[in-house]
Number of protein chains: 2
Amino acid sequence: MPAPTLPSEQSAAALIAACGGRITRTRLAVLGILRDSAHSLSHDDIAAQLLALDVHHDRVTLYRTLDWLVEQGLAHRVSGPDRAWRFNSGRDNAGAHAHFHCDRCGHIVCLESIRPDESLALPAGYRPERAELVFHGTCPDCGRRRAEDA
Amino acid sequence: MPAPTLPSEQSAAALIAACGGRITRTRLAVLGILRDSAHSLSHDDIAAQLLALDVHHDRVTLYRTLDWLVEQGLAHRVSGPDRAWRFNSGRDNAGAHAHFHCDRCGHIVCLESIRPDESLALPAGYRPERAELVFHGTCPDCGRRRAEDA
DNA sequence: TCACTAATGCAACATTGTAGCATTTCAGCG
DNA sequence: CGCTGAAATGCTACAATGTTGCATTAGTGA
Ligand SMILES: [Mn+2]
Ligand SMILES: [Mn+2]
Ligand SMILES: [Zn+2]
Ligand SMILES: [Zn+2]
């Protein structure tokens with residue numbers, strides 16, 4: 001019998017097809033790259049990986065591919081410190097989880113387990129609909145590396 | 001006797017001088033504009049106000065002036081949704097207070113009374129140093145305007 | 001008033017992203 | 001399979017935001 005397929009087990013091709021989109025080499029490669037990465041990737045990071053994989057593409061196509069993935073809920077976007085977006089696989093539900101930004105290596109990772117506290121009392125009149133929470137500090141990798149250096 | 005002067009009562013000129021900087025028309029005007037505004041201002045907003053005040057200036061000078069004010073702790077920066085910085089008067093201590101971003105009018109305001117919860121338990125290995133908290137939703141002005149429309 | 005140097009203005013450049021439009025390629029169909 | 005129409009791509013040009021280098025101007029203290 002076919003085991004029930006968790007979303008995380010679905011192939012990139014199946015995920016793309018399920019959205020009613022065409023399966024193209026750029027979409028396949030980009031979604032694969034995002035799903036394989038432990039941290040958020042910038043447009044530039046992804047372009048570099050595509051180059052390494054010999055997946056020819058145009059700058060604009062990559063922007064459009066990323067937009068499409070976000071629209072479809074196959075990826076989500078986090079604003080980086082350098083006014084460039086970072087991308088992660090998976091849907092975010094508009095800021096449903098917090099993110100961690102390492103000031104040493106610059107990596108941004110999703111903290112799926114932490115959701116911003118929506119119940120905070122704001123001053124009168126403010127109607128919050130969602131909250132973005134971004135921690136800054138040192139990530140586990142950089143902490144370990146620092147300990148080894150010492 | 002001279003009443004003790006609160007920082008908020010100091011003139012822009014005195015604040016600038018206290019930092020050891022020269023008092024120039026651009027610095028005076030920009031700091032004044034920031035201190036008079038109830039919400040964050042983009043580079044472009046400030047340029048428009050300078051124009052209205054007939055304070056001639058160069059684009060680059062304004063960028064440098066804003067950088068300097070932030071360096072000196074006379075202003076702080078918040079990243080907007082459109083990858084353009086917004087500026088507020090006053091020191092922020094690296095994310096010491098939360099901000100509210102109105103999705104209707106685009107205004108960003110400081111919520112001085114709300115500080116991100118630093119005590120949240122992060123996954124093992126993460127060393128947070130500060131947290132940024134940004135609420136999105138409808139601001140009091142837009143809520144009121146909407147109620148009047150109905 | 002003078003001299004020193006911080007601050008400015010200008011031109012050129014960098015980065016990140018968008019818009020329009022002709023061309024290619026995917027997916028469904030006979 | 002080979003066609004065909006629409007979706008996706010590639011290219012060029014453009015826009016927004018910010019930075020760098022360097023010559024000139026103008027605050028400041030003497
Ligand atoms: Mn995330
Ligand atoms: Mn603030
Ligand atoms: Zn790190
Ligand atoms: Zn508003």
>> Do B:Val30 and B:His57 have side chains that approach each other closer than 4.5 Å (heavy atoms only, starting at C-beta)?
In response: no

Any chance you could measure [X], atom [atom1], to [Y], atom [atom2], to the nearest 0.5 Å?
| X | Y | atom1 | atom2 | result |
| --- | --- | --- | --- | --- |
| B:Arg127 | A:Cys139 | CZ | SG | 11.0 Å |
| B:Leu66 | B:Phe87 | CG | CZ | 4.5 Å |
| A:Leu133 | B:Asp117 | CG | CG | 8.5 Å |

> Under 30°, 30 to 60°, or over 60°: which ring-plane class applies to B:His136 and B:His101, parallel, tilted or perpendicular?
Replying inline: tilted

>> Which label fits A:His99 and A:His76: parallel for a plane angle under 30°, tilted from 30 to 60°, or perpendicular past 60°?
In response: tilted

> So, the side chain of A:Thr65 versus the backbone of A:Thr26: is there a donor-acceptor pair under 3.5 Å, distance only?
Replying inline: no

> By ring pair (Phe, Tyr, Trp, His ring centres under 6.0 Å), which residues pair with B:Phe100, not counting sequence neighbours?
Replying inline: A:Tyr126

> Can you list the residues that meet the ring pair (Phe, Tyr, Trp, His ring centres under 6.0 Å) rule with A:His107, with sequence neighbours excluded?
Replying inline: A:His39

>> Using five base pairs at each end to define the local axes, how bent is the helix from C:dT1-D:dA30 to C:dG30-D:dC1, to the nearest 10°?
In response: 30°

>> Below 4.0 Å from chain A heavy atoms, what is the first contacting nucleotide of DNA chain D and what is the last?
In response: D:dG5 to D:dG18

> Under the salt bridge (charged side-chain N to carboxylate O under 4.0 Å, His left out) rule, what pairs show up with a residue in residues 78-90 of chain A, not counting sequence neighbours?
Replying inline: A:Asp82-A:Arg86

>> Going by salt bridge (charged side-chain N to carboxylate O under 4.0 Å, His left out), name the pairs with one or both residues in residues 52-62 of chain A, residues two or more places apart or in two chains.
In response: none

> salt bridge (Lys or Arg N to Asp or Glu O under 4.0 Å) with B:Asp103: which residues, sequence neighbours excluded?
Replying inline: A:Arg130

>> My understanding is that only residues two or more places apart in sequence, or in another chain, count here; which of them pass salt bridge (Lys or Arg N to Asp or Glu O under 4.0 Å) with B:Arg64?
In response: none

>> Quick check on contacts: within residues 77-85 of chain A, what sits under 4.0 Å from DNA chain C by heavy-atom distance?
In response: A:Arg83, A:Ala84, A:Trp85

>> Heavy atoms within less than 4.0 Å of DNA chain C: which residues of residues 55-71 of chain B have one? Give them sorted by number.
In response: B:His56, B:His57, B:Asp58, B:Val60, B:Thr61, B:Arg64, B:Thr65

Polar atom pairs between nucleotides 26-30 of chain C and protein, under 3.5 Å, N or O only, would you list them?
unit_1, atom_1, unit_2, atom_2, d
C:dC26, O2, A:Arg22, NH1, 3.2
C:dC26, O2, A:Arg22, NH2, 3.2
C:dA27, OP1, A:Ile23, N, 2.6

> What do the steps show when you test B:Glu129 against A:Thr138 for side-chain contact (heavy atoms from CB on, under 4.5 Å), and what is the final call?
Replying inline: CA-CA 8 Å; B:Glu129 269 156 29; A:Thr138 310; 3.9 Å; yes

> Other than A:Val134, what residues sit in its cluster of Ile, Leu, Val, Met, Phe, Trp and Tyr side chains whose heavy atoms are under 4.5 Å apart, directly or through others?
Replying inline: none

